Amino acid sequence: MGPRCFCSSLPAGLMFGVFVFLLRPVSTQKIRNQIYFLDNEGDIVLKGPDNPGSATVIWEWEPHSGLGKQTVVTLRIHDKGTWSRQWGNGWGNTGKNQEVNVDDRTGNLTIKKPTFKWSGLFTLTETHPRNRILKQYEIYGIKVETSRQNPLLGSDVTLSCTISRLSDTVSLHWKPRGSSQQNRRSNTDQIRLNNAVYLMIQHVGAGNPNVYTWEVQENSSIVLTGDTNVEVDKGLHNKMYTVYRSVTDHCELDLICEASPELSETKWTWRSQRFQNQEKEIASSHSSEPIHVNRSYFGNRLETTEGDVNGKNVHVRIVPVRSADAGVYTCSTGSNKYVTIELITVTVTAEPSGAVTEGDTVTLTCSVSHVTESMRLVWINGDGKSVGEKTLTVEEKSQSLVIQKAERGRGNWRCGLFHQDLPRLFVPYYQEPC
């Protein structure tokens, strides 16, 4: 069975594709009546009574969204062996029963191309001649999203895989498809938060894989999986994007500019966030000559890369990134701008710093270099739960977390920077034992 692409309905130019290898909603073999489905793909059929002699049965639905239990439809058997139906409150002649159908011969309930909202527990109950539950189906919706369609070459993108309810036996995963990255610097970071797993990809298309696989596992066995294809826009002329980097020892910033080789000079300039009225040239290239690097500002942290992407890139890298590197980086030829990159840095500090003794209280502070758009900082503990958050403003650029002595020993916290409800960066803090 070949893969099926679910991006055929997207308008031209949107290159985010999802390929699912289990093409129908999947019911697990180990745990009866649990069904997993991808948002808006395939129909789900919930089987009606095994014994059609039952006089009256009710289909009920308790959504995972927490809206409360609802009666979908009441079915009564006729002498001819068919079912009459009476829709529950809010279901008759509404959009709901346009998406749900009941077979009058079998009592089967069909949900047509269910969207994420249909996730929940469906119960078939006999009410006459006796009251008993006949069947239950818990259906789990899976939604796969991206922070940006056809991201620019060298920019960042966040992929998310969300499940409607995360049970103890279920886990979500992302991984590069068919890649062995032992010989390549990892450009991804993955974190599980609440009912979702996020994959943050840095420098998309810059020699890194563009196909990533999401998996839903139950008891360590895959029950639903698919591929997300991130098609990269390589047209950088007069484009701009923002990246977020942590101030850690191994964090890097790639500056990629596709310049035409016939042009005389292409250069990278930097305008510091601290000194915005000063624009400094940090790298330049004349025609086919090697890239000249000006190390006056970044020292040996500014380097050229090995080779380039397509023979005409002016590609330099800053590693490791420091807080003072925040600002705007521009690639241009003469008065023509090719690409502009805004760098926002995120720093985590601890007070007191270093190892602490038993009983100490530690204050962790997560701060950003500057705020240009809607952003939130969220502290996450070692269990993947949010323990504090703040919406940032131009004046309020940090969020603190006080770790009481009772919480010592867990030792692993992360500060997450969110933009438009999707994480863009996570900065770890690990408390070393004394």
Side-chain angles (χ1 to χ4, degrees), residues 153-158 181-191 199-208 241-257 268-275 280-283 291-309 313-331 339-351 353-355 364-372 375 377 397-398 412-417 419 423-432:
L153 175 68
S155 66
D156 300 346
V157 66
T158 297
Q181 293 198 336
Q182 292 90 347
N183 298 324
R184 177 187 295 145
R185 271 192 299 259
S186 174
N187 70 321
T188 62
D189 187 19
Q190 182 172 179
I191 191 168
L199 184 73
M200 288 144 288
I201 309 168
Q202 296 182 350
H203 309 130
V204 292
N208 297 300
Y241 59 85
T242 300
V243 295
Y244 310 87
R245 294 292 180 267
S246 62
V247 181
T248 52
D249 289 340
H250 304 291
C251 187
E252 63 186 46
L253 172 67
D254 276 17
L255 303 174
I256 302 173
C257 179
W268 274 105
T269 58
W270 169 55
R271 189 172 69 250
S272 168
Q273 177 62 25
R274 296 182 180 179
F275 308 102
K280 305 166 184 178
E281 181 177 314
I282 61 174
I291 299 174
H292 170 72
V293 174
N294 180 1
R295 291 192 167 87
S296 302
Y297 310 106
F298 300 96
N300 291 331
R301 295 188 297 117
L302 179 63
E303 59 186 36
T304 59
T305 63
E306 295 180 4
D308 53 25
V309 177
N313 282 336
V314 180
H315 186 177
V316 294
R317 174 181 297 137
I318 299 172
V319 58
V321 171
R322 296 290 179 246
S323 178
D325 300 341
V328 176
Y329 296 79
T330 303
C331 178
V339 64
T340 300
I341 303 171
E342 179 155 22
L343 170 65
I344 296 176
T345 58
V346 183
T347 306
V348 170
T349 57
E351 182 63 36
S353 60
L364 304 181
T365 300
C366 185
S367 57
V368 301
S369 56
H370 56 291
V371 177
T372 60
M375 293 190 293
L377 289 179
K397 298 185 293 184
S398 65
N412 193 1
W413 291 266
R414 284 189 174 193
C415 172
L417 186 148
H419 173 233
R424 306 308 302 271
L425 182 72
F426 284 95
V427 186
Y429 172 81
Y430 181 73
Q431 181 178 310
E432 295 289 348

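Throughout, residue positions are numbered sequentially from 1 according to the sequence presented. Given the structure is predicted, the values throughout are model-derived calculations rather than measurements. These values consider heavy atoms only, across backbone and side chains, with no hydrogens, waters or symmetry-generated copies.
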**Request:** Decide yes or no for Y429 and V427: does some side-chain heavy atom of the first lie under 4.5 Å from some side-chain heavy atom of the second?
**Result:** no
**Results of salt bridge (charged side-chain N to carboxylate O under 4.0 Å, His left out) for R424 - residues two or more places apart only** = none
**Item:** Close side-chain approach of S246 to V321, heavy-atom, < 4.5 Å
**Value:** no
**Item:** Separation of I201 CD1 from Q190 CD (nearest 0.5 Å)
**Value:** 10.5 Å
**Beyond-backbone contact of M200 with I191, side-chain heavy atoms, under 4.5 angstrom** = yes
**Closest approach of R295 to N300 (non-hydrogen atoms, all atoms of both residues)** = CD-OD1, 3.7 Å
**Message:** To the nearest 0.5 Å, what is the distance between CD1 on I318 and CG on L302?
**Reply:** 5.5 Å
**Prompt:** Taking C-beta and beyond as the side chain, do E303 and V319 meet within less than 4.5 Å on heavy atoms?
**Reply:** yes
**Prompt:** Which distance, rounded to the nearest 0.5 Å, do you find between the OH of Y244 and the SG of C251?
**Reply:** 14.0 Å
**Item:** Closest approach of L377 to C366 (non-hydrogen atoms, all atoms of both residues)
**Value:** CD1-O, 3.3 Å
**Prompt:** How about E342 and H370: does a side-chain donor come under 3.5 Å of a side-chain acceptor?
**Reply:** yes
**Test item: N187 side-chain N/O and Q202 main-chain N/O as donor-acceptor pair under 3.5 Å** = yes
**Asked** Are the side chain of D156 and the backbone of V243 linked by a donor-acceptor contact shorter than 3.5 Å?
**Response** no
**Item:** Pairwise distance CZ(F426) to CG(D189) - rounded to 0.5 angstrom
**Value:** 7.5 Å
**Asked** Taking the side chain as C-beta and beyond, is there a heavy-atom pair between T158 and P423 under 4.5 Å?
**Response** yes
**Message:** Within the structure provided, determine whether T340 and R271 are in side-chain contact (heavy-atom separation under 4.5 Å).
**Reply:** no
Pair up each side-chain donor or acceptor in residues 322-331 with any protein partner under 3.5 Å, not counting sequence neighbours, and list the distances.
{"from": "D325", "atom 1": "OD1", "to": "R301", "atom 2": "NH2", "distance (Å)": "3.1"}
{"from": "D325", "atom 1": "OD2", "to": "R301", "atom 2": "NH1", "distance (Å)": "2.8"}
{"from": "D325", "atom 1": "OD2", "to": "R322", "atom 2": "N", "distance (Å)": "2.8"}
{"from": "Y329", "atom 1": "OH", "to": "W270", "atom 2": "NE1", "distance (Å)": "3.4"}
{"from": "Y329", "atom 1": "OH", "to": "D325", "atom 2": "O", "distance (Å)": "2.7"}

**Asked** Is any side-chain heavy atom of V339 closer than 4.5 Å to a side-chain heavy atom of L153?
**Response** no
**Fill in**
Here the gap from L425 atom CG to R414 atom CZ, rounded to the nearest 0.5 Å, amounts to 10.0 Å
**Item:** H203 NE2 to D254 CG distance, which is reported to the nearest 0.5 Å
**Value:** 4.0 Å
**Request:** Kindly indicate whether the side chain of L417, heavy atoms from C-beta on, has any atom under 4.5 Å from the side chain of M375.
**Result:** yes
**Message:** Quick check: closest heavy atoms across L364 and A350, and the distance to 0.1 Å?
**Reply:** CD2-CB, 3.6 Å
